[in-house]
Engineer: 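Before we start, here is the structure in question, set down as structure tokens.
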Protein chains: 2
Amino acid sequence: MTTRAVSETQAEENQPEFDVFARRCPSRQTMEAVTGRWGVLVIAGLHAGSMRFSELRRRVDGVSEKMLSQTLHTLERDGLVNRVAPAGFPSRVDYSLTPLGSRVAAELVDLIELLEGSMPDIMAARERYDRERA
Amino acid sequence: MTTRAVSETQAEENQPEFDVFARRCPSRQTMEAVTGRWGVLVIAGLHAGSMRFSELRRRVDGVSEKMLSQTLHTLERDGLVNRVAPAGFPSRVDYSLTPLGSRVAAELVDLIELLEGSMPDIMAARERYDRERA
DNA sequence: CGGTATCCTATTAGATACTG
DNA sequence: CAGTATCTAATAGGATACCG
């Protein structure tokens, strides 16, 4: 039955399986970049359209320049965000989502809407939980 | 006239708008619990079905007992996870998703599949990025 | 305007030991 | 088995100052 085994092996070599549940899988780093404290908000924020650094900073309430810059670099590196800096003064840089970034953003927006819409239930659950162990 | 205006105002008061982009909105804490380093993996892991503490720990490769315990408590508090501990020895505790937790899990699974399936592109993007500034 | 560099603190996470 | 408690290490994050 070696034929079958060989073709499976080749398939695995051509398309290695990625698994976020595995500690050393590269997909986990990307997942952490996407779902990190600021990653979600930056990606979802850009889903509304191209935005400048300072616009994005106002949109993502509470993010520091440092963290916004760092988050954008990581997302750009993974091919989720485009950075376009037309020459000129005053300097101006536009950030936007790549096609892949847009697909990720769509998922995140769904999640955001689900959570925002469920907040009454969630807050009730919290109160119940806290009351039970008070 | 006023009747309409009043009922709209009441509707807003009864259902305040939650916005993750706002720093002090409670939805942001929930978002951080859900999309935190271990939150995603715990919720998505439980999407396969009810699981015991140690099973879940094996499934979520790399999580420590402490972090798994902490993550589960937070998710239970927000009403996403159920904890059932039937009396007996040896002790046994089953964790499962609530209906809301299942809906969140479905979104996360979509995101995971999207990212895992895009890893070849993502890794190519990373190499390009790194090469360009080397 | 759009960042980077530095320094310092707070939070998170891991290792280890222990318990019902 | 399913945790908790404690201590330490690593990392994320914020404040400030400065640059092209």
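Source: prediction; values computed, not measured. Proteins come first, then strands; the chains are lettered A, B, ... in the order of their sequence lines, and each starts at number 1.
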Engineer: Identify which nucleotide among D/dG13, C/dC1, D/dC7 has an atom closest to any side-chain atom of A/K66, counting heavy atoms from C-beta outward.
Structural biologist: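 The answer is D/dG13.
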Engineer: For A/R23 and C/dA13, what is the distance between atoms CZ and P respectively, to the nearest whole Å?
Structural biologist: 16 Å
Engineer: Without decimals, in angstroms, what is the distance between A/W38 CH2 and D/dG14 C1'?
Structural biologist: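 My rounded result for the distance is 11 Å.
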Engineer: Closest approach to the side chain of B/E65, judged atom by atom: which nucleotide of D/dT4, C/dG14, C/dC7 is it?
Structural biologist: D/dT4
Engineer: Take the protein atom CD of B/E76 and the nucleotide atom P of D/dA2, then report the distance between them rounded to whole Å.
Structural biologist: 15 Å
Engineer: Side chain of B/M67, heavy atoms from C-beta onward: which of C/dG14, C/dG2, D/dG13 has the nearest atom to it?
Structural biologist: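 Within the option list, the nearest is C/dG14.
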Engineer: Can you tell if the side chain of A/L97 reaches within under 4.5 Å of the side chain of A/V104, non-hydrogen atoms only?
Structural biologist: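 Of all side-chain heavy-atom pairs linking A/V104 with A/L97, none is under 4.5 Å.
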Engineer: If the test is side-chain contact (heavy atoms from CB on, under 4.5 Å), which one of B/V84, B/N82, B/V81 qualifies with B/Y95?
Structural biologist: B/V81
Engineer: Under 4.0 Å from OP1 or OP2 of D/dA2: is there any side-chain N or O of B/S54 that close?
Structural biologist: yes
Engineer: Determine the minimum heavy-atom distance between A/A33 and A/D78, stating which atoms define it.
Structural biologist: CB-OD2, 4.5 Å
Engineer: Taking only side-chain N and O atoms of B/R52, does any of them lie within less than 4.0 angstrom of OP1 or OP2 on D/dA2?
Structural biologist: yes
Engineer: Looking only at heavy atoms, what is the nearest atom pair of B/A44 and B/I112, with distance?
Structural biologist: CB-CD1, 3.5 Å
Engineer: In whole angstroms, how far is the P atom of D/dA12 from the CG atom of A/L41?
Structural biologist: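 Going from CG in A/L41 over to P in D/dA12 covers 17 Å.
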Engineer: Any side-chain N or O of B/Y95 below 4.0 angstrom from OP1/OP2 of D/dG3?
Structural biologist: yes
Engineer: For a quick test of reading the model: is some side-chain N or O of B/R37 closer than 4.0 Å to OP1 or OP2 of C/dG14?
Structural biologist: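 So the side chain of B/R37 is within the cut-off, an N or O lying under 4.0 Å from OP1 or OP2 of C/dG14.
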Engineer: Looking at B/R133 and B/Y129, would you say the former's side chain and the latter's main chain have a donor-acceptor pair under 3.5 Å?
Structural biologist: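 Answer holds: yes.
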Engineer: What is the distance from CZ of A/F53 to C1' of C/dT4, rounded to the nearest Å?
Structural biologist: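 So the two atoms are 10 Å apart, to the nearest Å.
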Engineer: Please determine, for the side chain of B/R92, which listed nucleotide (C/dG14, D/dA2, C/dG3) has the closest atom?
Structural biologist: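 Of the candidates, D/dA2 comes closest.
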Engineer: Rounded to whole angstrom units, what separation is found between the CZ atom of B/R57 and the C1' atom of C/dA13?
Structural biologist: 13 Å
Engineer: Is any side-chain N or O of B/S69 closer than 4.0 Å to OP1 or OP2 of D/dG3?
Structural biologist: no
Engineer: Could you check how far CD of B/E32 sits from C1' of C/dA10, rounded to whole Å?
Structural biologist: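 After rounding, the reported distance stands at 14 Å.
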Engineer: Which pair of heavy atoms, one from A/P26 and one from B/R126, lies closest together, and at what distance?
Structural biologist: O-NH2, 3.6 Å
Engineer: Judged by each residue's nearest nucleotide on DNA chain D, which is more toward the 5′ side, A/V63 or A/S91?
Structural biologist: A/V63
Engineer: Let me spell it out: for each of A/F89 and A/S64, pick the nucleotide of DNA chain D with the closest heavy atom. Which residue's pick is nearer the 5' end?
Structural biologist: A/S64
Engineer: How would you label the contact of B/R83 with the nucleic acid (heavy atoms, under 4.0 Å): base, sugar-phosphate, or nothing?
Structural biologist: sugar-phosphate
Engineer: Starting from P on C/dG2, measure out to CD on A/Q70 and report it in whole angstrom.
Structural biologist: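 Result: 19 Å.
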Engineer: Does D/dT4 have OP1 or OP2 under 4.0 Å away from a side-chain N or O of B/H73?
Structural biologist: yes
